[in-house]
Amino acid sequence: MVSLNPFSRATANGDATAAPSSSSSNATGSPSSTKKRAIVVGAGPGGLLTAIHLLKRGSYEVTLVDPGRDYSKVKDLSHHRSWMIGLSAHGISSLREVDGLWDYVEKVGVKLDSFSVYLGKKAITQSTDDAGIPKEAMKEGISQEGFLVDRNYVVAAEAQFLGDTFGNDENYKPKYGHR
């Protein structure tokens, strides 16, 4: 059994940050299959993205456990408590790494041209273009784009992609409504 932190990233050799269990056989005592088993706890943006990345690798059986509901099946998300989240270049590139996923997410948010942080009455405003950003803070090839999205809508978009892509895959076992 493999346990993953939903915020873990793949290492340089492509393996996910994980803690293997001490068991190397299944319930019947025979050797387990070559697939690694992973349990992803939490169907938020990070947990869903982790499940998608593991399933894309093809070498994992993934069980997604969440006490809530599958937001891709909720008809009207406006009646559910939520909050806005901002995605910077790093978050956007993580979603774009998965072919087709950004197409789902892009429909439910707003691209940012600039943003402001307020300290009392003082506003600190930054444009998403490269002007005004110190060169030492810039990494080659990384844009400063931003995206604003309701958390429930990005979760619904990721869950919809997961269901559309892996819904009939025997290696994906969603367990919504479980603790």
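Along the sequence shown, the residues carry numbers beginning at 1. Fair warning: this is a prediction, and the values are worked out from it, not measured in the lab.
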Chemist: Which heavy-atom pair separates Val155 from Pro45 by the least distance, and what is that distance?
Modeler: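 In this case the closest contact between Val155 and Pro45 is CG2-CD, 3.6 Å.
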Chemist: Tell me, please, which residues at least two apart from Ser93 pass side-chain contact (heavy atoms from CB on, under 4.5 Å).
Modeler: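 So Ser93 forms no side-chain contact (heavy atoms from CB on, under 4.5 Å) with any residue.
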Chemist: Is it true that a side-chain atom of Lys35 and a backbone atom of Gly58 form a donor plus acceptor pair closer than 3.5 Å?
Modeler: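 Yes, because the side chain of Lys35 sits within donor-acceptor range (under 3.5 Å) of the backbone of Gly58.
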Chemist: Mind checking what makes side chain to side chain donor-acceptor pair (under 3.5 Å) contact with Asp70, not counting sequence neighbours?
Modeler: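 Listed in chain order: Ser72.
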Chemist: Do Leu64 and Val41 touch side chain to side chain, with heavy atoms closer than 4.5 Å?
Modeler: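 Of all side-chain heavy-atom pairs linking Val41 with Leu64, none is under 4.5 Å.
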Chemist: Kindly work out whether a path of hydrophobic side-chain contacts (I/L/V/M/F/W/Y, heavy atoms less than 4.5 Å apart) joins Leu77 to Trp83.
Modeler: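 Yes: a chain of side-chain contacts under 4.5 Å links Leu77 to Trp83.
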Chemist: Can you measure from CZ (Arg151) to NE2 (His80) and round to the nearest 0.5 angstrom?
Modeler: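 Between atom CZ of Arg151 and atom NE2 of His80 there are 12.0 Å.
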Chemist: Give me each pair satisfying salt bridge (charged side-chain N to carboxylate O under 4.0 Å, His left out) with a member in residues 154-178, each pair once, sequence neighbours excluded.
Modeler: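 Sorted pair list comes back empty.
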Chemist: How would you list, by chain and number, every residue that makes a side chain to side chain donor-acceptor pair (under 3.5 Å) with Asp76, sequence neighbours excluded?
Modeler: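 Asp76: side chain to side chain donor-acceptor pair (under 3.5 Å) contacts with Ser78, His79.
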Chemist: Run the side-chain contact (heavy atoms from CB on, under 4.5 Å) test on Val62 and Val40 for me, step by step, so that the C-alpha distance in whole Å, both residues' side-chain angles and the decisive distance to 0.1 Å come before the verdict.
Modeler: CA-CA 7 Å; Val62 177; Val40 178; 4.1 Å; yes
Chemist: Could you list who else is in Ile124's hydrophobic cluster, with ILVMFWY side chains joined at under 4.5 Å, directly or through other members?
Modeler: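 For the cluster that includes Ile124, the remaining residues are Leu119.
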Chemist: Under the ring-ring contact (aromatic ring centres under 6.0 Å, His included) rule, what pairs show up with a residue in residues 153-179, not counting sequence neighbours?
Modeler: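 Residue pairs passing ring-ring contact (aromatic ring centres under 6.0 Å, His included), neighbours aside: Tyr104-Phe161.
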Chemist: Could you tell me whether the side chain of Ile85 reaches within less than 4.5 Å of the side chain of Val154, counting heavy atoms only?
Modeler: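 Side chain of Val154 against side chain of Ile85, heavy atoms only: contact under 4.5 Å found.
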Chemist: So do the side chains of Leu54 and Arg57 get within less than 4.5 Å of each other, counting heavy atoms only?
Modeler: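 SC-SC contact between Leu54 and Arg57 confirmed.
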Chemist: Grab the two heavy atoms, one from Ala157 and one from Val108, that are nearest each other, plus how far apart they are.
Modeler: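 Smallest interatomic distance, heavy atoms only, reads CB-CG2, 4.4 Å.
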Chemist: Measure the spacing between CG of Leu162 and CD of Gln160 and express it to the nearest 0.5 Å.
Modeler: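 So the gap between those two atoms works out to 10.0 Å.
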Chemist: For the side chain of Asn171 and the backbone of Glu61, is there at least one donor-acceptor N/O pair under 3.5 Å apart?
Modeler: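 Not at all, since once roles are kept as given, no pair shorter than 3.5 Å links the two residues.
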Chemist: For the residue pair Val98 and Leu49, establish whether any side-chain heavy-atom pair is separated by less than 4.5 Å.
Modeler: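 Touching, per the 4.5 Å side-chain cut-off.
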Chemist: Running the 4.5 Å side-chain criterion over Ile, Leu, Val, Met, Phe, Trp and Tyr, what cluster does Val110 land in, apart from itself?
Modeler: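 The other cluster members (ILVMFWY side chains, heavy atoms under 4.5 Å, direct or chained): none.
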Chemist: Would you say the side-chain atoms of Ser82 pair up with the backbone N or O of Asn152, donor to acceptor, closer than 3.5 Å?
Modeler: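 Checked: pair present.
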Chemist: Are Leu101 and Asp103 side-chain neighbours, meaning at least one heavy-atom pair lies under 4.5 Å?
Modeler: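 Not touching, per the 4.5 Å side-chain cut-off.
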Chemist: For residues Glu97 and His53, determine if any side-chain heavy atom of one lies less than 4.5 Å from a side-chain heavy atom of the other.
Modeler: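 Touching, per the 4.5 Å side-chain cut-off.
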Chemist: Which is it for Val65 and Ile39 under the side-chain contact (heavy atoms from CB on, under 4.5 Å) test, yes or no, and what are the steps along the way?
Modeler: CA-CA 7 Å; Val65 180; Ile39 297 174; 4.1 Å; yes
